[in-house]
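Since the structure comes first, as C-alpha cells, the remarks are kept for the end.
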Amino acid sequence: MNLTRLMHPKQPIQFVRRFPIAAVIGAALVSFSVICLFTAGVNWGIDFLGGTEMQVQFTKPVNSQEIREILESIGLDKNQVQRYGTSDSNEMLIRVQRLSSVNQQELAQLQQRLNQSFAASLDDGKTITVQQPTHAADRLLIAIPDSKQLQEQTIQQRQSTLDEQQKVVIKMLQQDSNINLRFASAQNAVEQEDRLSQAQVIYNVQIEGISNRIHQALSNKFGEVTVRRVEFVDNQVSKQLRTDGLLAVVYALLAILVYIAVRFDMLFAPGAIIGLLHDAMGVFLIFTIGDMEFNLPCVAALLTIVGYSINNTIVVYDRIREAVPANERRYMPYDQLVQQINRALTDTLSRTINTSLTTLFASVALWVWAGGSIAVFALALSLGIVLGGFSTTFIAPAVYLKLHQWSLKRIETAAASQPKDESDQQHHLTREDKLRGVV
C-alpha cells in the first residue's frame with residue numbers, strides 16, 4: 001500500500017480491531033516505565049537537586065574523566081561532566097551537588113580547632129559555633145561568646161582585645177590548608193543572643209566560592225580556562241522547583257479533563273487523560289533507562305507534548321461527535337459506534353500523519369544538530385510526537401469505546417428491569433426509544 005492510498009483510503013480502516021493489541025503495547029510501555037522509575041531512578045538535574053553548574057571552555061581538547069579526577073581531588077565526589085556544544089568548541093558542562101566549598105565535616109573540624117585555640121579565654125560551658133547561612137554559600141559566621149573578663153573591660157580595652165582575637169582567627173583560617181578559607185572581614189559588634197543577655201562577637205568570614213575553587217583547580221591542570229556561565233540552586237529552591245514542575249503537569253491534566261468533559265462528553269474525558277499519561281510516562285522512560293538529566297526544560301517538553309497530543313485527540317473526538325448526533329450518541333449500538341470510530345480515525349489519518357511528520361522533522365533536526373539541554377528537549381519532544389500519534393489513534397478512542405459499551409450495558413440492564421405490563425404503544429417502540437425512556 002502506497003502512502004497516498006494510506007492517507008486517503010477508499011474504505012475505512014479497521015482501527016478498532018487493533019485496539020486490543022494497542023492496549024497491550026501501551027500497558028507494557030507504562031508498566032516498564034514505572035518499573036524503571038522505581039529501580040533505576042531519575043537523573044535529576046541541577047534544577048531539582050541543588051548545587052553549582054559551570055560552563056567552562058578550554059584552549060585544547062580535554063577528557064571528561066580527567067576533569068572528574070580533579071573534582072574528586074578537591075572533595076567534590078558527586079559531580080557530572082559532559083561535553084557542551086560542538087566537539088571543536090572545547091566546552092564542558094560541570095555540575096556538582098554542592099553550593100559551598102566546605103562541607104559539614106569541615107565546618108565541624110574548624111569549630112573544634114577554634115574551641116581548642118580559645119579554650120583558655122572561654123568561660124565554662126561556653127563554646128564557639130561555626131555556621132553557614134542558608135542562602136549565603138560563600139560566607140561563614142563564627143560566633144565567639146564574650147567572657148566575663150571581656151565584658152568588664154572598658155571600651156578601649158575591649159576593642160584592643162577584639163583586635164587581637166580577630167588576628168588569631170585570621171591566622172588560623174589562613175593556616176588551615178584543609179579547609180582553605182579566606183577571611184574577608186569581621187564585625188566587632190556585640191549582639192544579644194537571648195534573654196539572659198549573653199553577648200557574643202560575630203565574625204563574618206568570606207570563603208572561597210565553589211566556582212572559584214573549581215576554576216583554580218582546572219587552571220592549575222590545563223592552563224587557561226574560561227568560565228562562560230555559573231548557576232547556583234540551593235536545596236530549598238530545588239525542592240520547590242521539583243514540586244512546582246509536578247504540579248504544573250497535574251494541573252494541566254486536570255484542566256484538560258474538565259475541558260473535554262464540558263466540551264464533549266464525560267465518556268470522552270478519561271480516554272484523553274489516559275492517553276496523555278501514556279505519552280508522558282513513555283517520554284519519561286528515556287530519562288530513566290538512558291540516564292539522561294531531567295531538568296526544567298524537560299518539564300517544558302512534557303507540557304508541550306501534553307498540549308500537542310491533546311490537540312490531535314480533540315480533532316478525532318470532534319470527528320466522532322460530528323458523525324454521531326448528540327441525541328443518538330449515548331444509545332447508539334456498539335457495532336454502529338465501532339463503524340463511526342473507524343470512519344473518524346480514517347478521515348483524520350491524513351491530518352495526523354501530516355502534522356506529526358512536519359513537527360517531527362523539526363524536532364529531530366534540533367536533536368541531531370543542537371547541543372546541551374536543547375538536544376534533550378528535542379529528543380523528548382520527538383518521542384512524544386510519536387507516542388502522541390499512537391495514543392490519539394488507539395488509546396483514547398479505545399477507552400471511549402469501552403466506557404460507551406459499559407454505559408450501554410447499564411442502560412440495557414435498567415431497561416430490562418422495567419415492569420413487563422407496559423402499554424401496547426410501548427411495545428411498538430424501537431429498542432433505542434426504550435433505552436432513552438429509562439434516563
Side-chain angles (χ1 to χ4, degrees), residues 7 12-31 33-34 249-285 302-324 326 329-330 332 334-357 359-360 381 383-408:
M7 296 174 63
I13 301 175
Q14 301 301 314
F15 287 99
V16 177
R17 293 181 182 178
R18 280 77 176 180
F19 282 179
I21 299 177
V24 172
I25 296 175
L29 179 65
V30 174
S31 301
S33 179
V34 173
V249 177
V250 173
Y251 290 156
L253 294 178
L254 290 177
I256 291 171
L257 178 67
V258 173
Y259 170 76
I260 294 180
V262 175
R263 180 72 171 80
F264 294 93
D265 191 303
M266 193 61 195
L267 297 180
F268 284 97
I273 297 302
I274 292 176
L276 294 180
L277 291 175
H278 163 272
D279 301 341
M281 293 302 298
V283 172
F284 215 76
L285 186 61
L302 287 179
L303 293 176
T304 304
I305 292 166
V306 167
Y308 185 88
S309 179
I310 196 61
N311 183 56
N312 288 338
T313 302
I314 287 177
V315 171
V316 174
Y317 279 176
D318 234 357
R319 187 56 59 92
I320 296 175
R321 187 184 61 172
E322 292 175 358
V324 183
R329 191 178 306 133
R330 192 174 183 184
M332 177 172 286
Y334 177 79
D335 294 338
Q336 295 183 20
L337 184 60
V338 167
Q339 296 177 5
Q340 296 299 334
I341 290 178
N342 285 330
R343 169 55 64 185
L345 292 173
T346 303
D347 291 343
T348 57
L349 180 62
S350 174
R351 185 260 179 200
T352 302
I353 293 176
N354 288 333
T355 54
S356 298
L357 283 180
T359 312
L360 192 61
L381 188 60
L383 181 59
I385 292 172
V386 176
L387 293 176
F390 177 82
S391 64
T392 296
T393 307
F394 295 101
I395 303 298
V399 175
Y400 166 69
L401 183 61
K402 196 68 178 178
L403 290 176
H404 178 274
Q405 186 180 19
W406 170 77
S407 177
L408 192 61

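Keep in mind that the numbers below use all heavy atoms, side chains included, and drop hydrogens, waters and symmetry copies.
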Problem set entry | Separation of Leu276 CG from Ile395 CD1 (nearest 0.5 Å) | 11.5 Å
Exercise. Listed by chain and number, what are the side chain to side chain donor-acceptor pair (under 3.5 Å) partners of Asp318, not counting sequence neighbours?
Worked result: Arg321
Exercise. Going from CG on Leu253 to CD1 on Ile273, what distance comes out if it is rounded to the nearest 0.5 angstrom?
Worked result: 5.0 Å
Problem set entry | Nearest non-hydrogen partners of Ser309 and Asp279, listed with the distance | OG-OD2, 2.6 Å
Exercise. Ala272 and Ile310: which non-hydrogen atoms are nearest, and at how many Å?
Worked result: CB-CD1, 3.7 Å
Seminar exercise, completed: Residue set satisfying side chain to side chain donor-acceptor pair (under 3.5 Å) with Gln14, at least two apart, ordered chain then number -> Asn342
For this session: Anything under 30° is parallel, anything over 60° is perpendicular, the rest tilted; go ahead and classify Phe268 against Tyr400.
Result: parallel
Problem set entry | Heavy-atom check, side chain of Leu277 versus side chain of Val30, under 4.5 Å | no
Exercise. Between CZ of Arg343 and CZ of Phe15, what distance do you get to the nearest 0.5 Å?
Worked result: 11.0 Å
Problem set entry | For Ser407 against Leu267, the heavy-atom pair lying closest together | CB-CD1, 4.3 Å
Exercise. Could you state the interatomic distance from NE2 (His404) to CD1 (Ile341), rounded to the nearest 0.5 Å?
Worked result: 8.5 Å
Problem set entry | Those residues that, when tested against Gln339, pass side-chain contact (heavy atoms from CB on, under 4.5 Å) (two or more places apart) | none
Exercise. For the atom pair CD1 (Ile256) and OH (Tyr251), what is the distance rounded to the nearest 0.5 Å?
Worked result: 15.0 Å
For this session: Quick one: closest heavy-atom pair of Ala269 and Leu257, and the distance?
Result: CB-CD1, 3.4 Å
Exercise. What pair of heavy atoms forms the shortest contact from Ser356 to Asn312, and how long is it?
Worked result: OG-ND2, 4.3 Å
Seminar exercise, completed: Distance col, row Thr355:OG1 vs Leu360:CG, nearest 0.5 angstrom, shows 10.5 Å
Problem set entry | Those residues that, when tested against Val24, pass side-chain contact (heavy atoms from CB on, under 4.5 Å) (two or more places apart) | none
Problem set entry | Closest heavy-atom pair and its distance - Ala22, Phe394 | CB-CB, 3.5 Å
For this session: Sequence neighbours left out, what passes side-chain contact (heavy atoms from CB on, under 4.5 Å) with Leu29? Give chain and number order.
Result: His278, Leu285, Leu387
For this session: Applying side-chain contact (heavy atoms from CB on, under 4.5 Å), name anything that partners Val316, two or more places apart in sequence or on another chain.
Result: Ile320, Leu345, Thr348, Thr392, Pro397
Exercise. Residues two or more places apart in sequence or in another chain: which of them pass side chain to side chain donor-acceptor pair (under 3.5 Å) with Thr359?
Worked result: Tyr308
